[in-house]
Amino acid sequence: MSADDVDGPHQGQPLVTGGTALEDAEAAIVLTHGRGATAQGMVQMATEVGREGVAFLAPQAARKTWYPNSFLEPVERNEPGRTSGLRAISDAISEADDAGIPTERIMLMGFSQGACLASEFVARNPRRYGGLAALSGGLIGADVDPDDYLDAAGDLEGTPVFLGCSDVDPHIPEERVHETADVLESMNADVTKRLYEGMGHGVNEDELEFVAGMVADLVDN
C-alpha cells in the first residue's frame, strides 16, 4: 500500500505486545487505541477476549493521537497522521506474518480513533483477514464514497466484521456506521452490526462477548 512508503509521526513508536508470545502463537490481534489512550490499554482490553495461542500486537500513536481532527473531516486535514497510522497497522501485520502467522489468522481490533483506522485499513487493503472488530468507529472522511474503496483490487473474501456502536455516540454518527457496513459488505465481508440504545462512547459486555467468539474462531478453525 502507499502508506508503506511514508515515514510519518507514528513510525518508530513502540509496538506493545501481550498474550501468547509471537513465536509460539497461531493467530494474532493487531490492536489500535483511541485518542488520548495507549497501546497498553488495548492490550489489557484484549485479555478480556483473548485465547491461548493468540498474540497481541498494539502500535502506539505518537502523542497518543493517530490524527488531529475528527474522522469526519476531509481526509487531507488528518494527514500525515492517518497515513502514518495505516502504516503502523501494516507494519504490525508484517511482524506477525514474519513470525509465520498468515494474514487470514490476523484480526484487527480498534476502539474510537483506532476503530476508524482499522476500518479504513481493511477497506483500503482488501484480502482475507482473521477479522475486524471496530468498536465505536467507521470509515474516515467527510463523505464515504463506495467507489473509492471498490476500486481497490481484490475483496475481503468473507472476512468476519463486527461493528459495535451507540446509536447516540457523540463522536460517531449512526449513519457512518451504516455506511461503513454497506461498503464492507459490498467488498464481500461478513458483517455483523449492532447499535446500542443510549450507550454513549464506550465498550459493553455484549461487544466483548461477540469479539471473544471471533477470536475463538481464529484458533478453533
Run the side chain to side chain contact (heavy atoms under 4.5 Å, CB included) test against [X] and tell me which residues pass, sequence neighbours left out.
{"X": "Asp190", "answer": "none"}
{"X": "Pro173", "answer": "Phe71, Leu72, Arg176"}
{"X": "Thr17", "answer": "Leu57"}
{"X": "Asp97", "answer": "Ile93, Thr103, Ile106"}

| request: Begin from the C-alpha positions of Ile29 and Leu108 and carry the test side-chain contact (heavy atoms from CB on, under 4.5 Å) through to its verdict. | output: CA-CA 6 Å; Ile29 312 175; Leu108 282 70; over 6 Å; no
Is there a side-chain contact between [X] and [Y] (heavy atoms, below 4.5 Å)?
{"X": "Thr180", "Y": "Leu163", "result": "yes"}
{"X": "Thr159", "Y": "Glu104", "result": "no"}
{"X": "Gln13", "Y": "Pro59", "result": "no"}
{"X": "Phe162", "Y": "Leu132", "result": "no"}
{"X": "Ile172", "Y": "Val177", "result": "yes"}
{"X": "Tyr196", "Y": "Glu207", "result": "yes"}
{"X": "Tyr149", "Y": "Ser186", "result": "no"}
{"X": "Val215", "Y": "Asp217", "result": "no"}

| said: side-chain contact (heavy atoms from CB on, under 4.5 Å), that's the test. Do Glu52 and Val219 meet it? Break it down for me. | reply: CA-CA 8 Å; Glu52 183 67 32; Val219 292; over 6 Å; no
Looking at every heavy atom in both [X] and [Y], which two are closest together, and how far apart are they?
{"X": "Leu15", "Y": "Ala92", "result": "CD1-CB, 4.1 Å"}
{"X": "Cys165", "Y": "Ser136", "result": "SG-CA, 3.9 Å"}
{"X": "Asn78", "Y": "Asn69", "result": "OD1-N, 2.8 Å"}
{"X": "Gln113", "Y": "Tyr67", "result": "NE2-O, 2.7 Å"}
{"X": "Ala123", "Y": "Leu139", "result": "CB-CD2, 3.7 Å"}
{"X": "Leu218", "Y": "Ala28", "result": "CD1-O, 4.2 Å"}

Partners of [X] by side chain to side chain donor-acceptor pair (under 3.5 Å), sequence neighbours excluded?
{"X": "Asp24", "value": "none"}
{"X": "Glu73", "value": "Arg77"}
{"X": "Arg128", "value": "none"}
{"X": "Asn188", "value": "Asp155"}

Distance (rounded to the nearest 0.5 Å) between [X] [atom1] and [Y] [atom2]:
{"X": "Arg105", "Y": "Glu26", "atom1": "CZ", "atom2": "CD", "result": "6.0 Å"}
{"X": "Leu156", "Y": "Arg127", "atom1": "CG", "atom2": "CZ", "result": "10.5 Å"}
{"X": "Leu86", "Y": "Leu117", "atom1": "CG", "atom2": "CG", "result": "5.0 Å"}
{"X": "Glu157", "Y": "Met187", "atom1": "CD", "atom2": "CE", "result": "11.0 Å"}

Result block: side-chain N/O donor-acceptor pairs under 3.5 angstrom for residues 37-46, not counting sequence neighbours:
from	atom 1	to	atom 2	distance (Å)
Thr38	OG1	Gly41	N	3.0

Quick one: does [X]'s side chain have a donor or acceptor within less than 3.5 Å of a partner on [Y]'s backbone?
{"X": "Glu79", "Y": "Thr83", "value": "yes"}
{"X": "Ser112", "Y": "Gly34", "value": "no"}
{"X": "His10", "Y": "Ala62", "value": "yes"}
{"X": "Ser94", "Y": "Ser90", "value": "yes"}

| query | So Arg35 and Lys64, side-chain contact (heavy atoms from CB on, under 4.5 Å) or not? Walk me through it. | reply | CA-CA 6 Å; Arg35 186 189 299 270; Lys64 300 182 179 180; over 6 Å; no
| Does anything in residues 165-175 pair up under salt bridge (Lys or Arg N to Asp or Glu O under 4.0 Å), and if so which pairs, sequence neighbours excluded? |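 Every candidate salt bridge (Lys or Arg N to Asp or Glu O under 4.0 Å) pair involving residues 165-175 fails, so no pair, neighbours aside, qualifies.
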Mark yes when over 12 heavy atoms from residues, nucleotides or ligands other than [X] sit less than 6.0 Å from its [atom1]; otherwise mark no.
{"X": "Glu76", "atom1": "CD", "answer": "yes"}
{"X": "Arg194", "atom1": "CZ", "answer": "yes"}
{"X": "Lys193", "atom1": "NZ", "answer": "yes"}
{"X": "Glu209", "atom1": "CD", "answer": "no"}

| message | Using a strict threshold of under 4.0 Å (side-chain N to carboxylate O), is an ion pair present between Glu120 and Arg82? | response |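 Looking at Glu120 together with Arg82, the answer is yes, because their closest N to O distance falls below 4.0 Å.
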| field | Pairwise ring pair (Phe, Tyr, Trp, His ring centres under 6.0 Å) hits with a residue in residues 23-57, at least two apart | value | His33-Trp66
| remark: Across all chains, not counting sequence neighbours, the ring pair (Phe, Tyr, Trp, His ring centres under 6.0 Å) partners of His201 are Phe111, His171
| query | Is there a path of hydrophobic side-chain contacts, each under 4.5 Å between heavy atoms of I, L, V, M, F, W or Y residues, that connects Leu135 with Val168? | reply | no
| query | Is there a side-chain contact (heavy atoms from CB on, under 4.5 Å) between Val211 and Glu48 once you walk through the steps? | reply | CA-CA 9 Å; Val211 174; Glu48 300 187 51; over 6 Å; no
